K.L.:
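Let me begin by handing over the structure; questions about it come next.
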Amino acid sequence: MRVFLVGASGAIGTRLVPQLIERGHEVIGSFKSAGGAERVRALGAKPVPLDLLDANAVRKAVLDAAPDAIIHQATALAGVRFGRSLDRTFGPTNRLRTEGTDALLAAARDAGVHRFVAQSFASYRYAPVGGPVKTEDDPLDPSPPAMARETNAAMRHLDQVVTEAGGTALRYGGFYGAADDGLVKPVRKRYLPIIGEGSGISSFIHLDDAAAATVLALEHDLSGLYNIVDDEPAPAREWLPVLASALGAKPPRRIPEWLAGLIAGKGAVMMSVGSRGADNTKAKRELGLTLRYPSWREGFAAVYGRPETLRSDRADVAD
């Protein structure tokens with residue numbers, strides 16, 4: 001299959017290109033940042049520069065590529081700093097998930113491309129009511145905190161337009177496994193505390209497993225939403241100390257909710273303590289999802305427990 005992969009030089013794209021090629025697919029990979037062409041070419045794909053917010057350029061790139069399928073993995077999260085407003089942090093990515101997705105779908109229609117797989121997100125989105133783990137049929141939070149309303153709306157938009165067009169929206173768990181993983185530095189410096197009772201539930205997915213699931217979604221060509229997460233949704237009081245231990249860091253601090261609200265904002269605390277995990281049963285049943293790391297427990301140990309990883313990350317912190 002000839003695949004047009006948008007965001008081929010990103011964290012998941014660089015894992016996805018080799019897996020697609022190994023499965024016999026031909027990959028045309030888009031990039032935007034400097035050095036992207038070399039990274040994409042080195043992975044074995046044909047590099048194509050693309051600004052996803054330029055609808056005319058998107059249409060031309062898709063028509064020129066003449067693909068059998070499109071995979072949308074574009075984000076603008078490299079090097080971002082997370083602050084009190086999630087919408088400010090995710091602003092550029094929100095545009096890629098709304099305007100960019102719309103442009104890609106329009107180009108796909110013009111090119112007669114029916115297979116379409118897009119990156120969505122599972123964590124912090126499900127309504128904070130009922131049980132701790134949610135399926136794709138469970139309702140999303142109808143009233144997210146003010147600091148995350150635009151971000152939630154952008155993901156809801158992507159989910160809706162992609163599935164209405166007959167495509168597949170993959171709600172990934174929290175990614176880990178990258179060399180510049182955003183969790184490493186704050187956990188090492190004890191900037192990421194357990195808030196209150198640490199009851200908020202998180203679902204994780206290793207980047208290699210996320211890429212493998214994406215290939216499965218492409219090849220199955222099923223329309224709908226799929227939670228792409230590991231088998232063990234867990235509260236922060238369980239997974240955060242394990243991550244700290246794997247990194248050789250001190251145990252995370254514990255702070256009350258009122259203090260966390262003063263530091264990070266009430267919205268961040270609401271999302272943290274009320275978050276629900278995601279269930280992967282549908283992806284296993286319909287896509288044949290299998291996991292190299294069925295639990296973050298073994299994944300954290302394998303990724304962050306390697307001596308070479310610990311050395312490089314510590315040098316990073318020293319810089």
Side-chain angles (χ1 to χ4, degrees), residues 10-19 22 73 75 77-78 82 119-126 132-134 170-194 198-217 226-252 272 275-284 287-314 316-317:
I12 189 168
T14 52
R15 312 278 179 129
L16 186 50
V17 171
Q19 293 195 32
E22 185 179 349
Q73 294 287 351
T75 64
L77 297 174
F82 287 83
Q119 176 186 144
S120 187
F121 195 57
S123 300
Y124 306 109
R125 294 184 64 197
Y126 288 106
V133 180
K134 303 298 183 181
L170 303 179
R171 289 179 174 171
Y172 298 110
F175 291 140
Y176 70 95
D180 57 350
D181 196 315
L183 284 173
V184 170
K185 190 174 292 187
V187 171
R188 278 236 174 84
K189 293 195 171 187
R190 304 183 81 197
Y191 290 163
L192 192 61
I194 296 173
S199 56
I201 308 296
S202 295
S203 286
F204 291 97
I205 189 74
H206 189 284
L207 282 164
D208 287 342
D209 282 330
T214 307
V215 176
L216 289 171
Y226 292 89
N227 290 332
I228 304 300
V229 297
D230 72 16
D231 294 342
E232 192 177 359
R237 62 175 176 265
E238 291 187 17
W239 67 260
L240 192 47
V242 172
L243 177 55
S245 177
L247 290 168
K250 293 180 179 179
S272 177
S275 62
R276 297 297 193 266
D279 181 273
N280 64 15
T281 300
K282 181 181 178 183
K284 286 187 169 183
L287 301 180
L289 174 68
T290 57
L291 298 164
R292 180 179 181 184
Y293 299 106
S295 169
W296 47 268
R297 294 180 190 275
E298 58 200 278
F300 288 172
V303 173
Y304 304 117
R306 297 172 184 163
E308 64 272 20
T309 302
L310 298 178
R311 283 196 299 271
S312 63
D313 286 338
R314 282 172 180 153
D316 231 7
V317 172

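For the numbers below, each heavy atom of this structure counts, side chains included, while hydrogens, waters and symmetry mates do not. Owing to the predicted nature of the structure, the values given are computational and were not obtained by experimental measurement.
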K.L.:
Would Gln119 and Thr75 satisfy side-chain contact (heavy atoms from CB on, under 4.5 Å), going step by step from the backbone distance to the final call?
P.N.:
CA-CA 9 Å; Gln119 176 186 144; Thr75 64; 3.5 Å; yes
K.L.:
Identify the residue among Leu170, Asp208, Thr214 that makes a side chain to side chain contact (heavy atoms under 4.5 Å, CB included) with Ile12.
P.N.:
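It is Thr214; the other options fail the test.
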K.L.:
Using a 3.5 Å distance criterion without hydrogens, assess whether the side chain of Arg190 forms a donor-acceptor pair with backbone atoms of Pro186.
P.N.:
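No; judged by distance alone, with no hydrogens or angles, the pair does not exist.
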K.L.:
For the atom pair CD (Gln19) and CG (Leu216), what is the distance rounded to the nearest 0.5 Å?
P.N.:
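One finds 9.0 Å between CD of Gln19 and CG of Leu216.
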K.L.:
What about Phe300 and Phe204, are their ring centers closer than 6.0 Å?
P.N.:
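Yes - the distance between ring centres of Phe300 and Phe204 falls below the 6.0 Å cut-off.
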K.L.:
Compare every heavy atom of Tyr293 with every heavy atom of Gly299, then report the nearest pair and how far apart it is.
P.N.:
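What the structure gives for the nearest pair is CA-CD2, 3.6 Å.
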K.L.:
Check whether the side chains of Asn227 and Tyr126 place a donor and an acceptor atom closer than 3.5 Å, and report yes or no.
P.N.:
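Asn227 vs Tyr126: donor-acceptor pair found between side chains.
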K.L.:
May I ask you to check whether Tyr176 and Trp296 place their ring centers less than 6.0 Å from one another?
P.N.:
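No, too far apart.
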K.L.:
For Arg292 and Glu298, what are the C-alpha separation, side-chain angles and deciding distance, and is it a side-chain contact (heavy atoms from CB on, under 4.5 Å)?
P.N.:
CA-CA 10 Å; Arg292 180 179 181 184; Glu298 58 200 278; over 6 Å; no
K.L.:
How far apart are the closest heavy atoms of Ala249 and Arg188, and which atoms are they?
P.N.:
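Closest approach of Ala249 to Arg188: CB-CA, 3.9 Å.
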K.L.:
Distance check, rounded to the nearest 0.5 Å: Phe175 atom CZ versus Ser123 atom OG?
P.N.:
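Nearest 0.5 Å value for the CZ-OG distance: 10.0 Å.
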K.L.:
Would you name the heavy atoms of Pro233 and Gly277 that are closest together and state the gap between them?
P.N.:
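Looking at all heavy atoms of both residues, the closest pair is CB-CA, 4.1 Å.
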K.L.:
Check for a donor-acceptor pair, side chain of Gln73 on one end and backbone N or O of Gly13 on the other, with a separation under 3.5 Å.
P.N.:
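Flag not set: sc Gln73 to bb Gly13 has no pair under 3.5 Å.
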K.L.:
Could you report the tightest heavy-atom contact between Val229 and Leu291, atom names first, then the distance?
P.N.:
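Smallest interatomic distance, heavy atoms only, reads O-CD1, 4.0 Å.
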K.L.:
Nearest 0.5 angstrom please: Lys284 NZ to Leu289 CG, how far?
P.N.:
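It comes to 6.5 Å.
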K.L.:
Quiz question: by atom type and distance under 3.5 Å, do the side chains of Asp231 and Asn280 form a donor-acceptor pair?
P.N.:
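Note: Asp231 and Asn280 side chains meet the donor-acceptor criterion.
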K.L.:
Using a 3.5 Å distance criterion without hydrogens, assess whether the side chain of Asp209 forms a donor-acceptor pair with backbone atoms of Ile205.
P.N.:
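It does not hold such a pair.
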K.L.:
Is the backbone of Ile201 close enough, under 3.5 Å, to the side chain of Ser275 for a donor and an acceptor to pair up by distance?
P.N.:
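Judged by distance alone, yes, a pair lies under 3.5 Å.
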K.L.:
Taking the side chain from Ser245 and the backbone from Pro241, do they hold a donor-acceptor pair closer than 3.5 Å?
P.N.:
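Flag not set: sc Ser245 to bb Pro241 has no pair under 3.5 Å.
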K.L.:
With a 4.5 Å limit on heavy-atom distance, are the side chains of Arg171 and Ile228 in contact?
P.N.:
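In short, these two side chains do not touch, never coming nearer than 4.5 Å.
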K.L.:
For side-chain contact (heavy atoms from CB on, under 4.5 Å), just list the numbers for Ser120 and Tyr172, CA-CA rounded to whole Å, side-chain angles, deciding distance to a tenth of an Å, and then say yes or no.
P.N.:
CA-CA 6 Å; Ser120 187; Tyr172 298 110; over 6 Å; no
K.L.:
Are the side chains of Arg125 and Lys134 in touch, meaning some heavy atoms are under 4.5 Å apart?
P.N.:
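Counting from C-beta outward, Arg125 and Lys134 never come under 4.5 Å.
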K.L.:
Could you tell me which non-hydrogen atom of Glu232 sits nearest to which non-hydrogen atom of Ser295, and how far apart they are?
P.N.:
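Residues Glu232 and Ser295, closest heavy atoms: OE1-OG, 2.6 Å.
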